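Keep in mind that this is a model prediction, so the values were computed, not measured. Atoms considered below: every heavy atom in the structure, side chains included; atoms not considered: hydrogens, waters and symmetry mates. We're numbering straight along the sequence, starting at 1.
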Amino acid sequence: MNTRISRRKFLRTSGAVVATGLVGGAFSGCGGTDEGPSAAEQRELTASQALLAIREGRLSAEVYVSTLLARAEQLADLNALITLDKAGAIDAARKIDAMRAAGTTLPQLAGLPIVVKDNINTRGLPTTAGTTALRNVRPSANAPTLQKLIDAGAIVLGKANMHELAFGITSTNLTSFAGPVKNPYDKTRIPGGSSGGTAVSIAARIVPVGLGTDTGGSTRVPAALSGIVGLRPSVGNGGAERRYDAAGVVPISHTRDTVGPMGRTVADVALLDAVITNSTPASVVALSGLRIGVPASFWAGLDNEVASIMAAARSKLAAAGVVFVDVDTAGLTALNNNVSFPIALHEPIADIPAYLAATGVSGITVASIAAQIASPDVAGAFGAILGDAFGGAYDAAINVHRPQMQSLYASYFANNQLDAMMFPTTVAPATTIDAVNGSSTFSINGGPPVDTFTTYIRNTDPGSNAGIPGLALPAGMTAGGLPVGLEIDGPLGSDRKLLGIGLSIEALLGTLKPAPL
């Protein structure tokens with residue numbers, strides 16, 4: 001295959017690239033040559049654009065992967081990745097190029113580089129969950145959800161850093177081999193968590209897409225704070241209601257955990273969702289006539305700039321024909337308090353040993369993991385787990401309060417004839433990194449200190465506990481250049497519709513300019 005394609009030909013045949021209206025221009029001033037698209041141009045490609053270029057022979061998979069590997073090494077100070085698989089990624093890319101040269105039909109994601117959160121089993125690579133006790137765990141099989149992407153031709157560049165054991169919302173990992181993940185828009189600030197490494201890899205143009213996991217907001221909070229898109233798919237009560245297979249993931253809670261796709265655009269997240277679910281990508285849902293609920297409790301106590309940006313987004317959506325219904329979710333906060341910690345701090349007692357056994361790991365226990373935790377905030381959580389502090393509240397959480405939450409949400413959508421509900425993903429932009437505790441307190445609008453963890457998950461946690469789908473996408477940026485996220489949640493099983501609505505919201509509000517790296 002001839003990979004020495006002129007830049008002029010690439011631009012002429014990449015109309016889809018130019019038409020997306022990427023902020024700053026995907027090709028403006030990038031210094032391309034007649035060898036083909038420059039490295040800077042390649043980094044700005046969305047997943048869909050890159051796949052088309054590879055499929056049509058305008059971009060070599062090996063060249064593309066090499067460009068992104070170089071980007072990862074250049075930005076190593078962000079601590080976005082724990083493991084970089086250079087040899088494996090280059091080998092996989094060469095196989096894709098050979099397939100195309102031979103005229104073999106390429107799979108759907110052929111040549112697409114991704115990163116995978118380091119709590120998702122990846123064959124042959126360490127799956128550390130960002131903690132010392134699991135540093136040498138090398139699964140013999142990929143997690144089923146990841147395997148679907150690999151079968152479709154995706155290439156794993158590496159394993160993404162994360163909040164230690166996924167027990168946190170900052171991604172300030174204090175383990176020696178991981179380190180705090182830094183927000184590319186301001187390296188002194190958190191990127192959100194626990195899937196912070198995946199979010200930063202995407203925002204920093206190391207990869208266009210990747211996989212995270214979400215228990216209480218771990219794909220959506222980092223999406224909001226890092227300026228990208230994150231999906232929490234439906235979980236419901238498990239079984240047929242669960243959209244993605246949860247096997248092969250270092251767990252917190254079998255009731256709440258799910259893998260979630262992340263990307264710079266809603267279309268790219270929809271593409272991964274389609275491959276994972278063996279379906280076609282979600283199509284655009286027109287905004288005009290949509291009924292979207294606005295729950296006042298989710299909009300209370302916001303940072304002033306978040307409030308202003310969200311108000312502007314609401315005005316634009318209303319002008320596009322969205323019908324906003326101002327109705328609150330009465331009683332939800334109390335129910336959520338009765339569900340959240342009793343599940344998340346009890347189920348690991350059994351779920352972590354079950355994962356270790358299924359992965360073929362012996363000689364490691366919950367206690368031995370806890371003994372080597374480096375991040376004080378995570379150590380505190382595991383103290384509660386080992387003491388089973390919430391064991392007495394667990395049965396009521398599962399059998400009484402959680403069903404009540406699910407009923408409340410179902411009634412909220414049905415009784416008000418709502419297609420979705422909308423709110424700020426987080427109440428504030430990214431706060432500064434706490435490299436001592438991993439997560440402590442911060443202030444909103446100069447007010448008294450508030451707990452970092454509970455404050456950032458305030459709006460994402462209820463939907464997680466109810467098992468409904470949620471999609472986070474950019475709403476705008478503060479005057480200081482920090483991303484602000486908007487979330488839409490929908491009824492159980494409405495994932496594709498949410499993605500379709502997200503496509504229309506993104507087209508209206510636009511994507512964010514790249515981080516100034």
*Any Leu149 side-chain heavy atom under 4.5 Å of Ile276 side chain*: yes
_Qualifying residues under salt bridge (Lys or Arg N to Asp or Glu O under 4.0 Å), relative to Asp118, sequence neighbours excluded_ = Lys159
*asked:* Before you tell me yes or no, could you show the steps for Arg402 and Asn237 under side chain to side chain donor-acceptor pair (under 3.5 Å), namely the whole-Å CA-CA distance, both residues' side-chain angles and the distance that decides it to 0.1 Å?
replied: CA-CA 10 Å; Arg402 186 168 185 266; Asn237 292 320; 2.8 Å; yes
*asked:* Students often mix this up, so state it plainly: with edges at 30° and 60°, are the rings of Phe442 and Tyr456 parallel, tilted or perpendicular?
replied: parallel
*asked:* Any donor-acceptor pair under 3.5 Å linking the side-chain atoms of Asp257 with those of Thr215?
replied: yes
*Are Asp461 and Arg256 ion-paired here, with the side-chain N under 4.0 Å from a carboxylate O?*
yes
*Is the backbone of Ser218 close enough, under 3.5 Å, to the side chain of Asp214 for a donor and an acceptor to pair up by distance?*
yes
_Can you list everything that forms a salt bridge (Lys or Arg N to Asp or Glu O under 4.0 Å) with Arg243? Sequence neighbours excluded, please._
Asp273, Asp495
*Does the side chain of Tyr185 reach to within under 4.5 Å of the side chain of Met477, using non-hydrogen atoms?*
yes
*asked:* If only side-chain N and O atoms count, and only distance matters, is there a donor-acceptor pair under 3.5 Å linking Asn445 with Asn304?
replied: yes
*Using the ring of each side chain (for Trp, its six-membered ring), is Phe167 parallel, tilted or perpendicular to Phe382, with breaks at 30° and 60°?*
perpendicular
_Backbone N/O of Tyr355 and side chain of Thr359: donor-acceptor pair under 3.5 Å_ = yes
*Please list all pairs passing the side-chain hydrogen bond (donor to acceptor under 3.5 Å, both in side chains) test where one or both residues lie in residues 133-144, with sequence neighbours left out.*
Asn142-Gln147
_Distance-only polar pair, side chains of Ser375 and Asp377, donor-acceptor under 3.5 Å_ = no
*Given the rule in the side chain to side chain donor-acceptor pair (under 3.5 Å) test, do Ser439 and Asp434 qualify, once you have shown the distances and angles that lead to the verdict?*
CA-CA 6 Å; Ser439 177; Asp434 173 10; over 6 Å; no
*Is Thr365 reaching over with its side chain to a backbone N or O of Ser368, donor-acceptor style, under 3.5 angstrom?*
yes
_Donor-acceptor pair, distance only, cut-off 3.5 Å: does the side chain of Thr172 make one with the backbone of Ala435?_
no
